[in-house]
Amino acid sequence: MTHDPASAPASSGSSGQDAPAVSRDFIREMIDKDMAAGRYGGRVHTRFPPEPNGYLHIGHAKSICLNFGVAREYGGKCNLRFDDTNPAKEETEYVEAIKADVRWLGFEWDGPERYASDYFGQLCEYAEALIAKGKAYVDSQTADQIRDTRGTLTEPGVASPYRGRSVEENLDLFRRMRAGEFPDGSHVLRARIDMAAPNMVMRDPVLYRIRRARHHRTGDAWCIYPLYDFAHCLSDSIEGITHSLCTLEFENNREIYDWLLAELGVYRSRQTEFARLNITHTVLSKRKLIQLVQGGHVRGWDDPRMPTLSGLRRRGYPPEAIREFCARVGMSRAAGTVAEYGLLEFCVREALNRTSPRIMAVLDPVRVVIENYPEGRTEWFEMPYFPEEGGGAPASWTGPETRAVPFGRELLIERDDFREDAPKKFFRLAPGREVRLRYAYFVTCTGVVKNEAGEVTEIRCVYDPATQGGDAPDGRKVKGTLHWVSAAHGVPARARLYEHMFAAAAVDAPEGGDFTDTLNPGSLRIAQARLEPAVADAKTGDVVQFERLGYFRVDEDSRPGNLVFNRTVTLKDAWARAEQKAGS
RNA sequence: UGGGGUGUAGCCAAGCUGGUUAAGGCAAUGGGUUCUGACCCCAUGACCGAGGGUUCAAAUCCUUCCGCCCCAGCCA
């Protein structure tokens, strides 16, 4: 998809397989202007720059969709660059996971993946150039002293006693830092800017520190490492990035970004910030996600309850749904806004509705006996995998159009679908009421069997043979249609049912307190389900709709004969909502 | 209390070089359709953080105030 100014707010993509339509946001408008003004030679070159210190989550997806999306729209390029300047935190395991996640989301970077560590040599040269200009010096204060003399938000800082060192001395010291002559923490390289700058970032920021730690790529080749402020702008410059898009918390850093590129006289990329993504009912900060994993609140980074891309993938969220969500949330500079989780779910349902075959499964079975149905008889009904009204099977579907479903005298239906004492608006099964068993017969409840505890253990019904296939020749209608599974044929399976991890948004969590206090203890529930036999051989990664219940994906824990499904998302349930409203 | 940002319906978000009936989506509600109470279709909502001012005319310009976010890591 190339950018065509003449049809700017384009969303015309009628193929339906395109990236989601993206509206003009302030970033794209800025790029439009840059293009019109001929800046950067008409190039657009972005980058997605994660630090390989953890797994990507849906917040990163917003940035990925932006950076790769913009590049695609303008016929430009997008690099994947690992911001690996802090060896203490970074690991190869994460770079591999990040690459896989970006690809899964549907994007491919231009050329090989880059690393800030690729530029360590060049960065050192830039540092020396800065020293030579008198714009950087080696400070030999302790970390505490540097902090104590930085001043406060309202008071200026105090110059370091080492601020006046000569260029020669600074150059010598810096080279010896690099050569490994000094212990960790004994010296740092600082920019010489302004200790009274109102922007704290500009009070002689530290550019390099001595840190003897094994780097995941460069090993022990280096003992000094650049900091973000020094490495990021110069990495952008080296790669010829035109638009350096990052989140709002880096706004204050833009000044040092511009300052360094200007002082060094190198190619100047331009930083633009946008608001990071927040979503209700979950947390999106790396720190908190780590706590969830390490605190044992979830099974791991790819727990289906996690907002990590690996978790969402395992849960069954299709990448196109995540892209669509990012497109719908939009871009702005308003911080602290929180997207509703419901929007994400809407996007997931929208994507899955088109592509998921339907089958019947019962999550909470109760036995139904059809008194007038012959004992030992089994009928097989051919049922479509895709509803005809929805246009039938999608192009991507390579399986059969239908499957055979066995019906017999004893069935299992959803416990929720029966009510002994049912209100008028309850369209399902109840004593004396007739409903349709999907694609099979109309049945009427004649009574129930209970155990000593008073629980219904069996529902007795009679069926109308004339309604075979699910329609009454006399034209009579029923309000309810229930899904069902033959008791004799139902395949046992576990279904993991998920709920929100948190009651509200992470941003609503009290600061300081332990946010895990607000964890939903019921975020995972396991149902012993019974499925129609057609899905007995479902394989990991398969996604199906359990009719009337939701979309389910076969988990990696699943084994033949021991199936495990994750409920990706429920279907909208107007009845449950109405009842809930009436109840409360 | 320094600096940098930001504030449009329940949520996200256009519009902001002044004049539009203040886009669109999600949610909600009502209705239609329906062998998934799903999908689909139709309908319903804001006077733009607050107060002044400029103007024939302001969400859009000026001003004052209020709220919220970010910055005092040798993290990114």
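Computed from a predicted structure; not experimentally measured. As a basis for the values below, the full set of heavy atoms in this structure was taken, side chains included, without hydrogen atoms, waters or symmetry mates. Each chain gets a letter, A, B and so on, in the order the sequences are listed, and its residues count up from 1.
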Query raised in the report: Of A:Trp484, A:Trp380, A:Tyr463, A:Tyr439, which meets ring-ring contact (aromatic ring centres under 6.0 Å, His included) against A:Phe407?
Result: A:Trp484
Requested in this report: Measure from the side-chain heavy atoms of A:Arg150 and tell me the nearest of B:G4, B:A72, B:C75.
Outcome: B:A72
Report task. Side chain of A:Trp575 only, please: which of B:G37, B:U36, B:G4 is the nearest? Result -> B:G37
Report task. Determine the interatomic distance between P on B:A23 and the same-named atom on B:A59; round to the nearest Å. Result -> 13 Å
Query raised in the report: Of all the choices, B:C74, B:A28, B:C26, which nucleotide is nearest to the side chain of A:Phe346 once you look at every atom?
Result: B:C26
Could you run down the sub-3.5 Å N/O contacts of the protein with nucleotides 1-3 of chain B?
{"residue": "B:G2", "atom": "N9", "partner": "A:Leu153", "partner atom": "O", "Å": "3.1"}
{"residue": "B:G2", "atom": "N2", "partner": "A:Pro198", "partner atom": "O", "Å": "3.1"}
{"residue": "B:G2", "atom": "N3", "partner": "A:Leu153", "partner atom": "O", "Å": "3.2"}
{"residue": "B:G3", "atom": "N2", "partner": "A:Asn252", "partner atom": "OD1", "Å": "3.0"}

**Report entry** Base of B:G37 paired with side chain of A:Arg428 (donor-acceptor, under 3.5 Å)
**Finding:** yes
Report task. Run the ring-centre check on A:Phe174 versus A:Tyr208 and record whether the distance is less than 6.0 Å. Result -> yes
Query - Option from A:Glu414, A:Arg358, A:Arg438, A:Glu547 for which side-chain hydrogen bond (donor to acceptor under 3.5 Å, both in side chains) with A:His483 holds - result: A:Glu414
Report summary line: Ranking B:G37, B:G25, B:C39 by distance to the side chain of A:Asn353, first place goes to B:C39
Requested in this report: With A:Arg403 as the cation and A:Tyr385 as the aromatic partner, state whether NZ or CZ is under 6.0 Å from the six-membered ring centre and within 45° of the axis.
Outcome: yes
Query raised in the report: When you measure from the side chain of A:Arg147, which nucleotide among B:G73, B:C12, B:C75 comes out closest?
Result: B:G73
**Report entry** Check: A:Phe120 ring centre within less than 6.0 Å of A:His215 ring centre
**Finding:** yes
Requested in this report: Look at the side chain of A:Val329 and decide which nucleotide, out of B:C12, B:G5, B:C26, has an atom nearest to it.
Outcome: B:C12
Query raised in the report: B:A27, B:C69, B:C74: which one has an atom nearest the side-chain heavy atoms of A:Ala335?
Result: B:C69
Query raised in the report: In the structure shown, which nucleotide is the Watson-Crick or G-U wobble counterpart of B:A27, with both distances under 3.5 Å?
Result: none
Query raised in the report: C1' atom, B:U60 versus B:U20: distance in rounded Å?
Result: 12 Å
**Report entry** Identity of whatever pairs with B:C68 - Watson-Crick or G-U, under 3.5 angstrom
**Finding:** B:G5
